[in-house]
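Only heavy atoms go into these numbers, but all of them, side chains included; no hydrogens, no water, no symmetry mates. What you see is a predicted model; the values in this text were computed from it and never measured. To find a chain, count down the sequence lines: A is the first, B the second, and so on, and within it residues start at 1.
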Amino acid sequence: MSAHSETTRIAIAHETSQELGLPKDHRILGIWIFLAGECAFFASLIGSYLGLHLGVAHGPTGAQIFDLPLTTVATLILLTSSLTVVLGVAAMQRRDVRGMQLWLWLTALLGLFFLEFQGYEFYTFYHGGLTLQTSAFGSAFFTLTGFHGLHVAFGVFWILLLLFQSMKHGINEDRTTKVFVMSLYWHFVDVVWVVIFTLVYLAGKVG
Amino acid sequence: MAAITERVTLAHRQAPSYRGIWAWIASVDHKKIGIMYIYAALFFMAFGGAEALLVRIQLWQPNNHVVSAETFNQLFTMHGVTMIFLVAMPILIGYINAIVPLQIGARDVAFPRMNSLSLWLFVLGGLFMYTSWFMGGAPDAGWFNYVPLSGGHFSPGAGVDFYDIGLQITGIGTLMTAINFLVTILNMRAPGMRLLRMPMFTWSALITMLLILFAFPPITVNLILQMMDRLFHANFFNIPLGGNALLWQNLFWIFGHPEVYIVILPAFGIISEIIPTFSRKPLFGYESMALALSVIAFLSFMVWTHHMFADGLGPIVNTIFAITSMLIAVPTGIKIFNWLATLWGGQIRFTTANLYALSFIPLFVIGGISGVMLAMAPADLQYNDSYFVVAHFHYVLFGGTLMAALAGLYFWFPRIWGRLLSERLGRWNFWLVFVGFNVTFFPMHILGLEGMPRRISTYAPGYGWTTPNQIATIGAFILLAGMLVLLYNLISTFLRKPDLEQDPWDGRSLEWSIPSPTPEYNFAQVPLIEDRDAYWVAKRQGKELPKAEPLGPIHMPSPSLSPFFLALTIVIAGYGALLHVDWLALIALLAAFWQIGLQLVHEDHGYHVHPDVPAGGAAE
């Protein structure tokens, strides 16, 4: 309105942007939107698996080949890594850089443990007669869990990059956002595993 | 118009500067990226159009042998893939890039480097698909590439691999565009620009990006599954080993139906900008227009099975999807009536942009009505796979999307390129395209009802198909003439000196409130928005737009070549996988991930521009 002086207008503009509740950094909204897309990605993969998991042809079924104790340990390891990444972010928010680095190292280590379990699982399944080429079930199983594993591997790579950056250059406001964004991705990868563990392993063992 | 002189000073370090073509390749400016999207879309349109002309020449008379049946399959497949993925989407994304940040009063998009990556993945992915013509043949299983036809057994060549990998590459780019513009529109609006004050084109962009976000992951998964089948002998679609052919159809159309709204909603947005401007009236029913966009987007995820009525999924499934499909006609009808009500009593100016916009309405209504006819599941079994379907989707995609894209070209040309296209040539261009379009595609309704199937490379005499086919082919050449006039108009306009008119159409939204050519920082001072159509209201009141900030240095992102090289690396990985050169694919993929990692720890300090605006302000 014309009655406002320049400074009042600017004050109003500031208030309006406060009203809108605009977050400070675009990357945080960006990663949430990216994860929404990732939900659709994994929903499509999981849906394909559920549509195909009975197509075992002459190969083994899920009930025959899944090793629940092994996968349960792997699941616990991955879920623990969600805790460690939270502790890392909390340490970062206390400006405790050493603490953050410690917890992030642990997170990356747990991620690697999980991948090792998955590698071992793939190896035993391969020798148990289930490969990508055995049946539609095999194709869907390896593709779904393989893409999840790739997400974990990429997360580990991401954590290591941020760790090296913080060790070399320290931490600043921009890098704390980088760490926070990574932690959201890491949680997402864990949550997806909960769904996979339930729908693929638990339901597969029963059905 | 106030003159603006700029001093570029150092922020933390000097921004890298590039010259000539590298300045374009390294650009992270949404305006330049928008221009490159539009250029690339027009480039691919020439190829898609040439393929269509060859199809029409082949169908000129019964038992014709201009091209072989194999080539014919490649031609119509690449025509469809090109026009959908390499023309319709990119030209609309080009406008969204060039215009949406200006309409919301922003200085760039949220993630400028990611924007550049989106562009180069599209351009290089499109060129990748086109190299298939020289590497053993183009994709030939139709644009929706059904299994088992597209499986390794029936399509042993590399054509379908080019489809699978090429569309994955361009698709990643499109997904990143969606993330980018969702954040841009949600986070970067000028103060006071509430959602219900945004221009309708920005609304359409917002809803389109939501559609992309949820529609592209299913097609990505589908392409991955087929790639696993074709390259690594998995069994997703191999029925003897437990696979399922319907899986492809479901995942494809869960993407495919939202996709048709991805290419029509921005077209609705363009029409919703042009008709109010050239009627000198506010858009009628603004809230209902925004709501209609949202409802269409919501429903578009619940109709995919209407592409599968002939599969035999049973009467219950078919009925449900027939009803949801017909429901979409309600919000679409609301939009049509709102445009008509906007025109009602307006001072209508028949510029070329408006002619295209006005022709959009009846053409899209024809396509919509044939769409409702196709949505009736029992009747669909009669139309299915006939030229009636071809007529239907060309009326919505050409009569709808392309007419709107051309309207947008004439409308926004002065904003994007600082010159006005010739209106005299524009008339020729419009009437030739309008007549050519109808002469080409209207007879296809009749051909379809007379039983001519889609995708046949030739036909026997005696079915009564010859005359409508010949009319359609003549129409295609009238269309060609119309597009050549457009090309001439573009070239002769570029050879002229820029007229640099700021606001030639008496525009309504913020993109017309800034000097021409648009400064690289867009707004010297971000405006404060107090109304819908704020710029138009301010002009009517004889005032300037209020400013939301004092003049000061403006932070700009640095240009970067890394998005281009990342896109190039991904395309090299694509060639490696496709040619079974495993080491190349592996190295390129690792290199791509390494580059992504570098982006994740990248810190861009950018640089500052000091706009030096004399008293009076930038906007007059």
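Closest of all the heavy-atom pairs between A:Gly37 and B:Pro217 is O-CG, 3.3 Å. For B:Met228 against A:Thr143, the heavy-atom pair with the smallest separation is CE-OG1, 3.6 Å. Residues A:Ile33 and B:Leu213 come closest through the heavy atom pair O-CD1, 3.4 Å. In this structure, B:Pro218 and A:Ser44 approach most closely via the heavy-atom pair CA-OG, 3.4 Å. Contact detail for B:Phe236 and A:Ala140: the closest heavy-atom pair is CE2-CA, 3.4 Å.
For the pair A:Trp158 and B:Ile596, the minimum side-chain heavy-atom distance is 4.5 Å or more. With a 4.5 Å cut-off on side-chain heavy atoms, B:Leu600 and A:Phe154 count as touching. At a threshold of 4.5 Å between non-hydrogen side-chain atoms, the residues A:Arg27 and B:Phe111 count as touching. Taking 4.5 Å as the limit, every side-chain heavy atom of A:Leu132 sits out of range of all side-chain heavy atoms of B:His233. Using a 4.5 Å cut-off on side-chain heavy atoms (C-beta onward), A:His169 and B:Glu603 make no contact.
Shown are B:Leu225, B:Ile224, B:Asn222; of these, the side chain to side chain contact (heavy atoms under 4.5 Å, CB included) with A:Ser48 is made only by B:Leu225.
With a 4.5 angstrom heavy-atom cutoff, B:Trp594 touches chain A via backbone and side-chain atoms both. No part of B:Phe216 comes within reach of chain A, as not one of its non-hydrogen atoms sits under 4.5 angstrom from that chain. When heavy atoms are compared at a cutoff of 4.5 Å, B:Asn238 does not approach chain A at all. Only the side chain of B:Leu247 comes within contact range of chain A, with heavy atoms under 4.5 Å apart. Looking at B:Leu175, there are no atoms closer than 4.5 Å to chain A (heavy atoms on both sides), in backbone or side chain.
When A:Met182, A:His58, A:Arg175 are compared by the number of non-hydrogen pairs under 4.5 Å with chain B, A:Arg175 comes out ahead. By number of non-hydrogen pairs under 4.5 angstrom with chain A, the leading residue of B:Leu210, B:Leu241, B:Leu251 is B:Leu241.
Between A:Phe157 and B:Phe593, the distance from one ring center to the other does not fall under 6.0 angstrom.
Formation of a donor-acceptor pair under 3.5 Å by the A:Gln133 side chain with backbone atoms of B:Asn235 is not found in this model.
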